[in-house]
Number of protein chains: 2
Amino acid sequence: MSRMHNPPHPGEVLREWLPEGMTVTEAANALGLSRVTLSKILNTHAGITADTALRLAKWLGTSADLWIGMQGQYDLWQAAKKPRPKIRPIVAKLAA
Amino acid sequence: MSRMHNPPHPGEVLREWLPEGMTVTEAANALGLSRVTLSKILNTHAGITADTALRLAKWLGTSADLWIGMQGQYDLWQAAKKPRPKIRPIVAKLAA
DNA sequence: GGGAAGTGTAAAGTATTAATTAACGCTTAA
DNA sequence: TTAAGCGTTAATTAATACTTTACACTTCCC
């Protein structure tokens with residue numbers, strides 16, 4: 001089902017992965033990103049791209065999937081908040 | 001693990017969900033998208049956004065997750081093909 | 001033959017978003 | 001007081017999705 005309400009922004013989660021005492025500047029350098037870009041992500045002002053997910057995976061030893069999946073959940077949740085035209089289900093699913 | 005090599009573009013998969021005989025034009029109308037946009041998706045010339053995933057979910061009775069996840073896998077695979085600076089793992093994970 | 005419908009694609013325009021570098025003001029620690 | 005780190009803004013560049021309009025092509029049907 002993959003239910004989840006109000007999934008966290010990936011940046012919040014990434015925060016928890018940064019080793020104690022590591023500066024944002026250091027992390028940005030390690031990832032080959034600018035300090036501004038990483039700061040934006042960590043403060044939920046930018047999202048994680050496929051490219052960034054791959055960098056995080058290499059750096060942290062996680063799957064890239066983890067990050068891209070998290071971003072997807074977040075995006076879906078945000079998009080669901082916005083108005084959208086009513087869409088009629090293609091067929092009334094008749095089970096019985 | 002979520003391993004997958006060469007994951008299909010979501011548009012290819014969407015193709016299979018369209019009922020026999022339904023025209024692209026009809027499907028686009030049902031989804032509230034322009035014909036051009038849907039055609040691009042089906043021909044793998046555009047991706048599926050969170051908004052589009054929600055429309056597909058409503059229309060087809062699937063989860064939105066399915067589509068956004070598929071797009072994520074596709075994006076990751078494409079991104080992985082491109083060059084990226086070498087990134088040193090943060091710590092050599094010493095298990096023993 | 002000739003029209004109508006459906007399709008793929010291209011072009012032009014709008015909007016969003018991620019990325020960069022440079023710069024500013026703030027806080028904290030030496 | 002200086003230096004480092006941080007968050008944030010601004011200006012720029014680059015993608016990408018989406019729209020409408022338009023064109024060329026095929027297929028089907030009279």
Side-chain angles (χ1 to χ4, degrees), chain A residues 9-12 14-59 64 67-68 70-85 87, chain B residues 9-12 14-59 64 67-68 70-85 87:
Chain A
H9 186 286
E12 303 178 51
L14 177 54
R15 267 244 146 79
E16 303 168 5
W17 282 76
L18 301 187
E20 283 274 321
M22 165 161 301
T23 68
V24 174
T25 304
E26 286 168 342
N29 288 339
L31 289 165
L33 298 173
S34 74
R35 179 179 70 86
V36 171
T37 296
L38 182 57
S39 178
K40 275 191 192 163
I41 290 171
L42 290 173
N43 290 288
T44 76
H45 295 132
I48 287 186
T49 61
D51 181 88
T52 302
L54 290 168
R55 289 171 193 244
L56 289 174
K58 272 268 175 76
W59 190 49
W67 303 103
I68 221 56
M70 221 158 32
Q71 185 67 49
Q73 293 311 305
Y74 181 81
D75 289 344
L76 271 184
W77 201 257
Q78 298 308 311
K81 291 184 189 171
K82 317 201 143 178
R84 201 177 337 287
I87 290 173
Chain B
H9 186 285
E12 303 178 49
L14 177 54
R15 267 244 146 79
E16 302 168 4
W17 282 76
L18 301 187
E20 284 274 320
M22 165 160 301
T23 68
V24 174
T25 304
E26 285 167 343
N29 288 339
L31 289 165
L33 298 174
S34 75
R35 179 180 68 87
V36 171
T37 296
L38 182 57
S39 178
K40 274 192 192 164
I41 291 172
L42 291 173
N43 289 290
T44 77
H45 295 132
I48 287 186
T49 62
D51 181 88
T52 303
L54 289 168
R55 289 170 194 244
L56 289 174
K58 271 269 174 75
W59 191 49
W67 302 104
I68 221 57
M70 221 157 33
Q71 185 66 51
Q73 293 311 304
Y74 181 80
D75 289 343
L76 271 184
W77 200 256
Q78 299 308 311
K81 291 184 190 171
K82 317 200 141 176
R84 202 176 338 284
I87 291 173

Trainee: Starting at CG of B/D75, measure out to NE2 of B/H9 and round the result to the nearest 0.5 Å.
Mentor: 8.0 Å

Trainee: So what does B/R55 hit on the nucleic acid, given a heavy-atom distance under 4.0 Å: a base, only sugar-phosphate, or nothing?
Mentor: nothing

Trainee: In whole angstroms, how far is the C1' atom of D/dA15 from the CD atom of B/Q71?
Mentor: 14 Å

Trainee: I need the A/L14 CG to A/I41 CD1 distance, nearest 0.5 Å.
Mentor: 7.5 Å

Trainee: To the nearest Å, how far apart are B/H45 NE2 and D/dA15 C1'?
Mentor: 16 Å

Trainee: To the nearest 0.5 angstrom, please state how far the CG atom of A/L38 sits from the CD atom of A/E26.
Mentor: 11.5 Å

Trainee: How many Å lie between OH on B/Y74 and P on D/dA17, as a whole number?
Mentor: 10 Å

Trainee: Does the side chain of A/P85 come within less than 4.5 Å of B/R55's, by heavy atoms?
Mentor: yes

Trainee: Walking along DNA chain C from 5' to 3', note the first and the last nucleotide with an atom under 4.0 Å from a heavy atom of chain B, and give both.
Mentor: C/dG6 to C/dA10

Trainee: Using a 4.0 Å cut-off on heavy atoms, which residues in residues 32-43 of chain B reach DNA chain C? List them by number, or say none.
Mentor: B/R35, B/V36, B/S39, B/N43

Trainee: Using the side chain to side chain contact (heavy atoms under 4.5 Å, CB included) rule, take A/Q73 and A/M70 through it: C-alpha gap first, then chi angles, then the decisive distance, then the call.
Mentor: CA-CA 5 Å; A/Q73 293 311 305; A/M70 221 158 32; 5.9 Å; no

Trainee: How many angstroms lie between atom CZ of B/R35 and atom CG of B/N29, to the nearest 0.5 angstrom?
Mentor: 10.5 Å

Trainee: Report the C-alpha distance between B/T37 and B/T52 in whole Å, list the side-chain angles of each, state the deciding distance to 0.1 Å, and finish with yes or no for side chain to side chain contact (heavy atoms under 4.5 Å, CB included).
Mentor: CA-CA 10 Å; B/T37 296; B/T52 303; 6.0 Å; no

Trainee: Please determine whether a side-chain nitrogen or oxygen atom of B/T52 lies at a distance below 4.0 Å from atom OP1 or OP2 of D/dA17.
Mentor: no

Trainee: To the nearest 0.5 Å, what is the distance between CG on A/L54 and CD1 on A/I48?
Mentor: 11.0 Å

